[in-house]
Amino acid sequence: MLLLGQKQELVIIKTVEFGVYLAESMDSTQEKVLLPAKQVPKEAGIGDLITVFLYRDSKDRLIATVHEPVMMLHQIGKCRVAAVSKVGAFLEWGLEKDLLLPFREQTYPVEPGEEILAALYIDKSNRLCATMKLYPYLEKQSGYQKDDTVQGIVYEISAGFGAFVAVDGKYSALIPKKELLGEVKAGQEITARVSGVKEDGKLDLSLRQKAYLQMDADAEKIRRILTEQGGSLPFNDRAAPELIREKMGMSKNEFKRAVGRLYKEKAIRILPDSIQLIQKK
């Protein structure tokens with residue numbers, strides 16, 4: 001059986017002017033596929049085995065190639081967006097014919113020249129297509145442990161769950177909604193801390209350091225914002241959590257801890273409706 005979207009070792013059963021025909025065996029009743037002449041190895045002849053990848057040409061005919069694409073069926077790879085059309089985007093993936101990424105399979109709008117992560121699947125018309133909905137194709141057993149630092153790409157934002165991340169381009173991870181204190185965009189490359197490992201191996205991530213380390217960074221952030229705003233914030237640590245999150249990119253608890261640090265250092269004064277920076281003489 002010829003396998004669309006996969007590599008196979010096939011045998012040459014017939015030679016023609018424009019290439020060779022390949023099949024699983026020399027049996028003439030076997031389904032066969034063309035390998036174009038320009039890709040046939042020199043001195044290859046009938047009975048020789050060749051490893052090829054099978055896809056469809058511009059006329060939707062099954063065809064073989066000795067070139068290896070960025071990803072195989074049900075795998076993930078990084079592709080460059082070649083163009084955007086009325087039906088979707090077309091991706092460069094190592095073969096002569098670009099790969100269609102339908103609009104319905106995009107988790108965010110893509111632009112020509114952009115590099116994205118995509119997975120390869122077969123659509124209802126039995127054609128190879130790309131999808132940016134990577135969750136079903138990501139691996140779960142990464143080997144990372146709690147508090148490890150990882151690199152990843154945000155491939156989808158969910159209002160209900162948070163930011164879905166492909167760690168190392170292949171492992172399943174999530175930045176929970178409660179951790180999205182700052183602006184994170186789909187397609188963004190991030191460095192994060194593993195905040196937990198689920199029983200099935202999927203990772204929970206945080207963009208923030210452990211609390212005792214993060215407090216120092218948050219205190220410096222507050223000091224910087226105070227300086228930029230002329231030495232005063234129009235609210236204090238009793239403000240609504242939503243306001244603190246919007247203005248400071250912190251949770252209320254994180255803000256209170258950092259404000260407490262600055263207060264102990266006598267760097268600020270806390271007033272009933274504001275915080276003021278104490279200017280050193």
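The chain is numbered in sequence order, starting from 1.
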[X] vs [Y] side-chain heavy atoms within contact, under 4.5 Å:
| X | Y | value |
| --- | --- | --- |
| Lys202 | Tyr135 | yes |
| Leu73 | Leu4 | no |
| Asp218 | Arg257 | no |
| Leu34 | Phe18 | yes |
| Val84 | Phe103 | yes |

Path from [X] to [Y] over hydrophobic side-chain contacts below 4.5 Å:
| X | Y | result |
| --- | --- | --- |
| Leu100 | Leu54 | no |
| Ile63 | Val20 | yes |
| Ile122 | Val33 | yes |
| Leu233 | Ile244 | yes |
| Leu101 | Val87 | no |

Between the main-chain N or O of [Y] and the side-chain N or O of [X], is there a donor-acceptor pair closer than 3.5 Å?
| X | Y | result |
| --- | --- | --- |
| Lys252 | Ala239 | yes |
| Gln39 | Val66 | yes |
| Asn236 | Leu271 | yes |
| Ser195 | Asp204 | yes |

Worksheet item: Could you walk me through whether Ile222 and Phe255 pass the side-chain contact (heavy atoms from CB on, under 4.5 Å) check?
Response: CA-CA 8 Å; Ile222 293 171; Phe255 184 65; 3.7 Å; yes
Practice prompt. List the steps and the verdict of side-chain contact (heavy atoms from CB on, under 4.5 Å) for Tyr155 and Leu117.
Written response: CA-CA 7 Å; Tyr155 65 88; Leu117 285 181; 5.6 Å; no
Can you give me the closest heavy-atom contact between [X] and [Y], atom names plus distance?
| X | Y | result |
| --- | --- | --- |
| Ser206 | Glu179 | OG-OE1, 2.9 Å |
| Leu138 | Ala166 | CD2-CB, 3.9 Å |
| Ile12 | Ala44 | CD1-CB, 3.8 Å |
| Asp148 | Gln145 | OD2-N, 2.7 Å |

Practice prompt. May I ask you to check whether Asp237 and Tyr263 show a side-chain donor-acceptor distance below 3.5 Å?
Written response: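 Absent: no donor and acceptor within the cut-off.
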Less than 4.0 Å between a side-chain N and a carboxylate O, is that true for [Y] and [X]?
| X | Y | answer |
| --- | --- | --- |
| Lys221 | Glu254 | no |
| Glu220 | Arg223 | yes |
| Lys170 | Asp168 | no |

Practice prompt. Determine, stepwise, if the pair Val110 / Met132 fulfils side-chain contact (heavy atoms from CB on, under 4.5 Å).
Written response: CA-CA 10 Å; Val110 300; Met132 294 168 67; 3.8 Å; yes
Would you find more than 12 non-hydrogen atoms of other residues, nucleotides or ligands less than 6.0 Å from [X] atom [atom1]?
| X | atom1 | value |
| --- | --- | --- |
| Glu114 | CD | yes |
| Arg80 | CZ | yes |
| Glu189 | CD | no |
| Arg104 | CZ | no |
| Lys97 | NZ | yes |
| Lys7 | NZ | no |

Item to complete: Let me see the working for Trp93 and Leu128 under side-chain contact (heavy atoms from CB on, under 4.5 Å), right down to the final yes or no.
Response: CA-CA 12 Å; Trp93 66 312; Leu128 292 173; 4.0 Å; yes
Item to complete: Anything under 30° is parallel, anything over 60° is perpendicular, the rest tilted; go ahead and classify Phe164 against Phe161.
Response: tilted
Would you give the length of the straight line joining atom [atom1] of [X] to atom [atom2] of [Y], rounded to the nearest 0.5 angstrom?
| X | Y | atom1 | atom2 | result |
| --- | --- | --- | --- | --- |
| Leu95 | Arg56 | CG | CZ | 14.5 Å |
| Ser232 | Ile225 | OG | CD1 | 12.5 Å |
| Ile76 | Tyr171 | CD1 | OH | 11.0 Å |
| Cys129 | Leu99 | SG | CG | 6.5 Å |

